[in-house]
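Accompanying notes for the structure given below.
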Protein chains: 2
Amino acid sequence: MFKVTFAFEDGSAVEAFANQGDNLLEVARGANVAIDAPCSGNASCGKCRVQLKRGELDSKKTLHISQEEFQQGWRLACVSKISADVEVMVPDISSAYKSRMKVADLSSKEEIAIFEKAKKEVALTGIELRNSLDVVEVVMEEPTLDDTMPDNERLSRALKKYMNLKKVRIPYTVLRKLPDVLRDNHFKVKCVIRTTPDDMFVYDVFGMEEEVIVGGVAIDIGTTTVSAVLMNMETGEILAKGSAGNGQIRYGADVINRIIESRKPGGWKKLQDAVIKETINPIIHEMCKNAGFPKNQIYRMCVAANTTMNHLFAGINADPLRMEPYIPAFFKTNALFASDLEIDINRDAHIIVAPNIGSYVGGDITAGTLVSMVWNRPEFSLFIDLGTNGELVFGNSDFMMSCACSAGPAFEGGDISCGMRATDGAIEACTIDKETMEPSYVVVGEPGTKPIGLCGSGIIDVISELFVCGIINPKGKFVREGKRIRHDQYGMGSYVIAFEEEAGSVKDVEITEVDIDNFIRAKGAIFSAIRTMLTSLDFDVSMIDDVYVAGGIGSGINMKNAVNIGMFPDIPMEKFHYIGNSSLTGAYLMLLSTAAEKKTYDLASNMTYMELSTVPTYMDEFVGACFIPHTDTTMFPSVTEEMQNR
Amino acid sequence: MFKVTFAFEDGSAVEAFANQGDNLLEVARGANVAIDAPCSGNASCGKCRVQLKRGELDSKKTLHISQEEFQQGWRLACVSKISADVEVMVPDISSAYKSRMKVADLSSKEEIAIFEKAKKEVALTGIELRNSLDVVEVVMEEPTLDDTMPDNERLSRALKKYMNLKKVRIPYTVLRKLPDVLRDNHFKVKCVIRTTPDDMFVYDVFGMEEEVIVGGVAIDIGTTTVSAVLMNMETGEILAKGSAGNGQIRYGADVINRIIESRKPGGWKKLQDAVIKETINPIIHEMCKNAGFPKNQIYRMCVAANTTMNHLFAGINADPLRMEPYIPAFFKTNALFASDLEIDINRDAHIIVAPNIGSYVGGDITAGTLVSMVWNRPEFSLFIDLGTNGELVFGNSDFMMSCACSAGPAFEGGDISCGMRATDGAIEACTIDKETMEPSYVVVGEPGTKPIGLCGSGIIDVISELFVCGIINPKGKFVREGKRIRHDQYGMGSYVIAFEEEAGSVKDVEITEVDIDNFIRAKGAIFSAIRTMLTSLDFDVSMIDDVYVAGGIGSGINMKNAVNIGMFPDIPMEKFHYIGNSSLTGAYLMLLSTAAEKKTYDLASNMTYMELSTVPTYMDEFVGACFIPHTDTTMFPSVTEEMQNR
């Protein structure tokens with residue numbers, strides 16, 4: 001038994017005990033020490049750096065640590081084994097998250113095209129792109145000894161006259177500023193207001209000469225990734241775009257583990273801080289810095305997230321979500337304000353939440369449904385959001401049904417030995433030569449970036465190619481031999497996409513039969529959900545007019561390959577459309593337009609939710625779908641054809 | 001030049017420089033060091049204790065410091081002169097305030113009689129004693145797989161059904177508690193609600209078995225003293241009563257000095273903290289401790305205070321109040337909540353403010369007017385609130401007019417060499433034998449308490465007796481000689497009520513011609529305000545049917561003596577009524593009854609405000625009133641008569 005001391009930058013420390021050969025990252029997790037490890041410890045991300053202070057570690061060298069850094073004691077925790085008493089310094093995880101944050105360059109039109117498109121489509125349905133947040137100019141008479149009306153009444157009177165309203169609400173923050181702003185500007189001011197049919201709320205007051213932009217933030221809180229846009233609330237213009245890993249990830253990769261973690265003493269606050277203080281606030285900070293925008297002038301925020309993420313974000317007990325009868329605390333709520341949640345924007349900013357419709361179909365899906373436009377077409381469309389959970393919506397302008405299936409983290413690279421998110425070094429596309437079995441691949445990042453792992457779209461490609469080339473059989477087992485095909489001591493096969501010397505990692509980038517098996521179960525969950533839902537409605541896949549695919553799986557997703565592995569139904573390719581992060585786009589629309597916000601509530605109310613686990617045939621469908629492409633190959637004629645053509 | 005070091009309990013220290021013979025309390029003030037000194041440094045209160053740590057001080061011994069304490073280095077700062085480099089330890093002023101706090105013993109019926117009386121009088125006018133804060137029991141169906149409505153909708157639905165309402169607002173605090181409280185109590189709960197015609201606000205949720213009392217706090221924020229009651233909002237029962245000196249006093253005795261102080265950098269926050277964190281929160285804490293009541297179950301608070309105190313309480317710039325055209329930021333506001341002001345009660349508690357009607361007639365007067373019942377009688381009544389400012393309201397059920405005059409702090413013992421508030425050791429009543437000129441007096445406190453100073457009612461008695469006995473002339477100058485009458489080197493006379501050996505102080509309790517002069521100006525301000533206001537309305541004092549006197553001057557006020565010195569008009573004694581702290585009683589009524597709250601707003605809107613400084617005759621009236629009883633003695637026939645009868 002060795003003593004392991006984790007020292008922190010603030011001078012504090014945590015001690016733990018471990019056996020010879022124990023993995024340092026695992027020891028840290030056991031001791032509740034937060035080490036940043038987005039790739040879950042497969043040496044691909046290089047984030048779990050610690051610095052050796054005393055004693056020794058049995059560490060593998062990796063390309064993530066330079067020779068100089070190695071000499072300074074830097075090691076990756078995931079490739080370090082305990083071999084003696086040891087003290088390591090653990091970098092502050094919040095700074096790690098910051099460094100992983102990405103603020104997009106908006107000079108590229110591509111980044112904002114998706115929002116422009118959604119705006120146009122929604123506007124075409126007659127939805128007004130107005131959110132009733134405005135800047136108005138107010139000129140008042142200066143008070144005199146004969147006109148001694150107090151400041152707040154003077155402003156109210158002027159605003160009522162201006163807007164022909166009965167009631168004006170001036171909150172404490174504005175009341176506090178009022179005497180100074182009025183007098184510094186000779187009672188000529190600009191007010192940031194929001195009007196409803198009933199009343200007006202005054203968010204802020206400025207001098208007449210100041211330039212005032214009303215800001216808003218739309219945010220998608222994914223289980224794995226948090227993405228946001230900062231926008232001009234009057235024009236809809238996107239001022240900045242940012243994303244970062246969800247800081248909660250160190251409390252578990254899936255929602256269930258996080259709920260369990262949140263029920264430990266002080267747990268809800270740790271989880272809430274991880275997503276707000278360590279993730280959302282830094283993203284907002286970076287976006288505002290990038291756009292030169294004052295955080296205090298962000299007056300509204302819209303959150304789209306799955307039901308669990310919504311609860312943990314709000315610091316509300318999510319335990320009932322994971323236990324029968326699976327009841328959330330809320331679908332909708334108007335009770336959230338920036339000051340309550342310590343979100344670093346204007347303290348009176350209202351936090352609107354895209355509505356949940358069940359414990360496992362959340363606001364990310366309702367917001368995404370808005371974007372998918374399924375609700376606006378007479379034709380039948382299928383909307384699929386591929387996240388840690390897979391969610392489906394099927395319907396048209398007359399009806400919509402939704403369901404959720406637990407796909408697991410495979411689409412985001414989880415549960416896959418060389419899996420990773422679609423960031424630098426990820427293989428996002430791949431083809432394999434049938435004869436030589438040699439791969440060609442595309443890597444995310446600057447040209448020349450070496451591969452370190454596989455993201456979702458890359459995995460789909462590799463499995464599809466392996467199958468179409470006859471390298472694996474419908475069960476995912478290797479049936480051909482070659483230089484790139486290996487078997488371990490138990491006989492488990494694997495295919496090496498990039499050998500260690502070609503890779504940017506310390507090991508081969510490969511895919512194993514276990515990975516393939518995990519992925520088959522994930523894709524099987526999706527396909528069987530589609531089939532079960534359609535069958536329950538007496539529909540057949542041939543009756544689907546369009547499929548809208550959303551999610552972090554990446555724009556590189558090859559739909560044909562997804563059909564080849566039996567993830568999506570075998571229908572003509574032109575029916576498939578990748579619509580990006582529809583949750584974020586939907587949040588953007590809800591923020592921009594009160595009518596779009598209302599429309600989303602309507603969609604949520606009118607959407608039927610189907611609990612797959614209560615459908616007796618779902619399990620049969622799932623078992624049938626756990627083959628490549630399926631036990632019933634007649635459902636996938638194009639796959640058979642493609643195999644013959646290779 | 002000597003170095004003076006002020007050390008604090010937290011280990012910090014402030015250094016200042018002083019000359020030989022400088023007063024230590026003055027040195028502290030100059031260095032912005034807060035030493036508790038409610039008597040303003042006349043050695044009567046004994047609060048300005050410091051402990052000598054190094055060096056020496058030229059200090060007078062006082063009865064406030066025992067021999068043992070003196071040996072331990074304790075000194076009163078106000079009687080200590082600088083004679084060398086010195087270091088003194090300054091006790092934490094907030095604990096000093098706490099120790100001076102008084103929580104009343106409610107077993108004495110007297111303490112609550114005034115509230116009961118006001119409640120009855122108001123109820124007799126048809127004002128309903130209901131505030132729409134209620135506790136309701138709610139029994140919900142437990143959710144099942146077939147009934148998966150989320151918690152907040154489930155509660156809303158049940159409450160809507162129960163109350164037949166359209167809209168239910170569940171704030172963040174309640175949303176956060178909801179999943180646990182519902183499940184721990186099988187969906188049988190009690191809710192604390194407030195209903196308006198439009199909607200319902202849910203303040204809290206408890207298990208069905210819990211005993212839930214809805215608490216409220218009414219508070220009078222005086223410039224000098226803060227008083228409060230903790231009440232049961234459903235029954236009006238008073239659960240505790242407390243008071244303490246206003247912690248702002250160290251920033252100035254009057255409102256003008258405090259406004260100036262609040263405009264220095266960080267000043268508004270210091271002033272706000274002094275009244276909220278150092279005064280109001282400790283009073284609430286003590287009241288709750290005394291009553292065994294949870295602070296978190298105080299859901300509403302009503303504040304009655306003058307306009308400046310209201311602004312400084314809310315942390316709002318009060319500077320425009322002291323400069324032409326004297327405009328407040330608000331008369332009324334709905335924008336204040338406990339969480340904004342960091343008041344230590346339920347964070348969603350609404351802070352209602354008795355309405356101000358001008359820069360110098362505030363909520364203390366509108367609340368007091370409600371209690372005075374002036375507005376409910378056809379007869380003409382005069383309501384006088386004697387505080388640091390004097391405010392008057394005159395009228396009947398048809399009209400009301402108000403004005404304010406700057407009386408200064410004399411009624412509360414300020415500006416008087418031996419003046420003090422009506423606490424232990426204060427002479428509150430006095431008679432003088434015309435022949436021997438020997439006094440008899442009543443001292444506040446346990447029997448046997450030695451006198452240390454004079455409170456307002458005592459000063460009135462002493463001056464009245466000195467005049468009626470012919471010891472002083474109408475100008476307040478001493479015209480008889482005797483053992484108790486002294487003249488200093490400049491010829492200034494004084495009368496000793498208690499010689500040092502009889503007194504509980506280090507010096508004689510006396511009244512000087514300067515004191516009398518100060519007091520004459522204070523009473524002259526009141527009387528001339530009465531005359532000016534009545535004259536402007538073409539009224540005469542003989543037409544006053546009743547006079548209601550309120551304020552901290554004490555229930556011991558001898559109305560005949562107040563007439564004798566020319567403070568109040570010479571009308572029959574039975575017309576005078578002392579109604580205690582009407583500001584606090586009014587706040588209590590507003591808290592207890594929504595109708596009373598509304599009535600106070602109506603009174604405020606309908607009350608005319610007269611700015612005395614703009615009335616040309618006011619100065620003449622004032623000069624005429626600066627005699628005892630007045631230059632025109634025909635206005636005070638009963639005084640002449642009494643003098644002849646002695």
Side-chain angles (χ1 to χ4, degrees), chain A residues 142-155 169-183 198 202 268 307 311 314-321 323-337 339-341 347 351 356-359 609 611 613-614, chain B residues 142-155 167 169-183 198 202 268 307 311 314-321 323-337 339-341 347 351 356-359 609 611 614:
Chain A
E142 292 197 49
T144 64
L145 279 172
D146 293 323
D147 172 13
T148 58
M149 183 171 274
D151 296 345
N152 66 344
E153 284 182 41
R154 191 171 298 271
L155 180 64
R169 288 191 294 152
I170 297 177
Y172 181 57
T173 37
V174 175
L175 188 62
R176 280 212 56 230
K177 287 177 82 171
L178 211 50
D180 292 310
V181 176
L182 292 186
R183 282 165 189 77
D198 295 331
V202 183
W268 70 270
T307 312
H311 280 62
I316 292 171
N317 181 1
D319 219 28
L321 294 178
M323 290 182 301
E324 209 181 294
Y326 316 108
I327 307 299
F330 63 92
F331 283 164
K332 294 182 288 184
T333 176
N334 280 315
L336 305 181
F337 293 87
S339 59
D340 292 327
L341 303 182
R347 67 190 297 284
I351 313 299
N356 307 306
I357 62 166
S359 285
Y609 172 62
E611 175 59 49
S613 63
T614 65
Chain B
E142 292 196 49
T144 64
L145 280 173
D146 294 323
D147 171 15
T148 58
M149 181 172 274
D151 295 346
N152 66 345
E153 282 182 41
R154 191 171 297 271
L155 180 65
K167 201 168 149 191
R169 287 191 293 151
I170 296 177
Y172 181 58
T173 38
V174 174
L175 188 62
R176 281 212 56 230
K177 287 176 80 171
L178 210 50
D180 292 310
V181 176
L182 292 186
R183 283 165 187 77
D198 297 330
V202 182
W268 70 270
T307 312
H311 280 62
I316 292 171
N317 181 1
D319 219 29
L321 293 178
M323 290 182 303
E324 210 179 294
Y326 316 109
I327 307 298
F330 63 92
F331 284 163
K332 295 182 286 185
T333 175
N334 279 316
L336 306 181
F337 292 86
S339 58
D340 292 327
L341 303 181
R347 68 191 295 283
I351 314 298
N356 307 306
I357 61 168
S359 285
Y609 172 63
E611 176 58 48
T614 64

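Only a predicted model underlies this, so the values are computations on that prediction, with no experimental measurement involved. The sequence lines fix the lettering, A, B, ..., with proteins before strands; numbering per chain opens at 1. Just so it is clear, the values below take in all heavy atoms, side chains as well, and ignore hydrogens, waters and symmetry mates.
Put simply, of B:N152, B:L336, B:L182, the one with the most heavy-atom pairs under 4.5 Å next to chain A is B:N152. Heavy-atom pairs under 4.5 Å with chain A peak, among B:D151, B:L178, B:T144, at B:D151. The residue among B:R176, B:K177, B:E324, B:M149 with the most heavy atom pairs within less than 4.5 Å of chain A is B:R176.
The two residues A:I351 and A:F337 have their closest heavy-atom pair at CG1-C, 3.8 Å. Minimum interatomic distance between A:A335 and B:I170 (heavy atoms only, all atoms of both residues): CB-O, 3.1 Å. Between A:Y326 and A:S359 the shortest heavy-atom distance is O-OG, 2.5 Å. The two residues A:E142 and A:R154 have their closest heavy-atom pair at C-NH1, 4.1 Å.
Heavy atoms closer than 4.5 Å to chain A are found in both the backbone and the side chain of B:P328. With a 4.5 angstrom heavy-atom cutoff, B:F330 touches chain A via backbone and side-chain atoms both. Neither the backbone nor the side chain of A:R169 comes within less than 4.5 Å of any heavy atom in chain B. If you measure heavy-atom distances from A:P143 to chain B, the contacts under 4.5 Å come from both the backbone and the side chain. For a residue to count as touching a neighbouring chain, one of its non-hydrogen atoms must lie under 4.5 Å from one of that chain's; by this rule A:L341 touches chain B with the side chain only. Neither the backbone nor the side chain of A:D146 comes within contact range of chain B, judged by heavy atoms closer than 4.5 Å. Proximity to chain A involves both the backbone and the side chain of B:T148, based on heavy atoms less than 4.5 angstrom apart. Using a 4.5 Å cut-off between heavy atoms, A:N334 does not touch chain B at all. In this structure, the portions of A:L175 lying under 4.5 Å from any heavy atom of chain B include both its backbone and its side chain.
In this structure, B:R183 CZ and A:I327 CD1 are separated by 7.0 Å, a value rounded to the nearest 0.5 Å. To the nearest 0.5 angstrom, A:T333 atom OG1 is 6.5 Å from A:I316 atom CD1. With rounding to the nearest 0.5 angstrom, the NZ atom of A:K332 is 11.0 Å from the CG atom of A:N356.
Under a 3.5 Å cut-off, the side chain of A:R347 and the backbone N or O of A:S339 do not form any donor-acceptor pair.
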